[in-house]
Amino acid sequence: MDKASENAGAASAAPADAKFGQLLDEKIAEARAQIDRLTLDIQEATLAAKDFPADDEHDPEGSTLTLERAREVTLLESTEEALGELLAAKARFDAGTYGRCEKCGKVIPDERLEARPEARFCMEHAGGRRH
């Protein structure tokens, strides 16, 4: 391959890199905003629960508040984990290793990265890594 072909290939890859960098930044901002909203919702639910008796079994409103708070805490934990994955992907992006399978080193297809920008594995190796 001649130098012009190599440079053309590099130039066509650059917009994709910029696109994924921007996508990661957007997803990170969304996750942080969701964490802020959930944290506020949990605080509000906690304060609201103080206005109700501690006997959830006999107070239908109390059990609803407890369930809602538990649901939001679970969602918060999940969102914090997702943010960690996105931040790790951004670090890989900044280091120049983004978009390569951590197991085999193959390029992860753009379609997969568009759907899951935090992806660390190609489809072949993604199935074995579930939490």
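As the structure is a prediction and not an experimental result, all values here were calculated from the model.
You'll find the side chain of Asp36 stays beyond 4.5 Å of the side chain of Leu40, heavy atoms only. Taking the side chain as every heavy atom from C-beta outward, Lys27 and Glu118 never approach each other to under 4.5 Å. In this structure the side chain of Gln34 reaches within 4.5 angstrom of the side chain of Leu75, judged on heavy atoms.
Although no hydrogens or angles enter the test, the distance criterion places no donor-acceptor pair under 3.5 Å between the side chain of Ser78 and the main chain of Thr74.
Here the closest heavy-atom approach between residue Leu24 and residue Ala89 is recorded as CD2-CB, 3.7 Å. Scanning all heavy atoms of the two residues, the minimum distance from Cys122 to Cys104 falls at SG-SG, 3.9 Å.
Taking 4.0 Å as the cut-off between side-chain N and carboxylate O, Glu72 and Arg69 do not count as a salt-bridged pair. Salt bridge absent: Glu124 and Lys103 never bring a charged side-chain N and a carboxylate O closer than 4.0 Å.
In this structure, the separation between CG on Leu83 and CD1 on Ile35 is 4.5 Å, given to the nearest 0.5 Å. With rounding to the nearest 0.5 Å, the separation of CD1 in Ile108 from NE2 in His125 is 11.0 Å. One finds the CD atom of Glu85 at 7.5 Å from the CZ atom of Arg116 (value rounded to the nearest 0.5 Å). A distance of 11.0 Å separates CD in Glu81 from CG in Leu86, rounded to the nearest 0.5 Å. The distance from the CZ atom of Arg92 to the CG atom of Leu87 is 10.5 Å, given to the nearest 0.5 Å.
At most 12 heavy atoms of other shown residues, nucleotides or ligands fall within 6.0 angstrom of atom CD in Gln22.
Relative orientation of the Tyr98 and Phe20 rings is tilted, given thresholds of 30° and 60° on the angle between their planes.
Between Asp25 and the choices Arg32, Lys19, Lys90, the salt bridge (charged side-chain N to carboxylate O under 4.0 Å, His left out) rule is met once, by Lys90.
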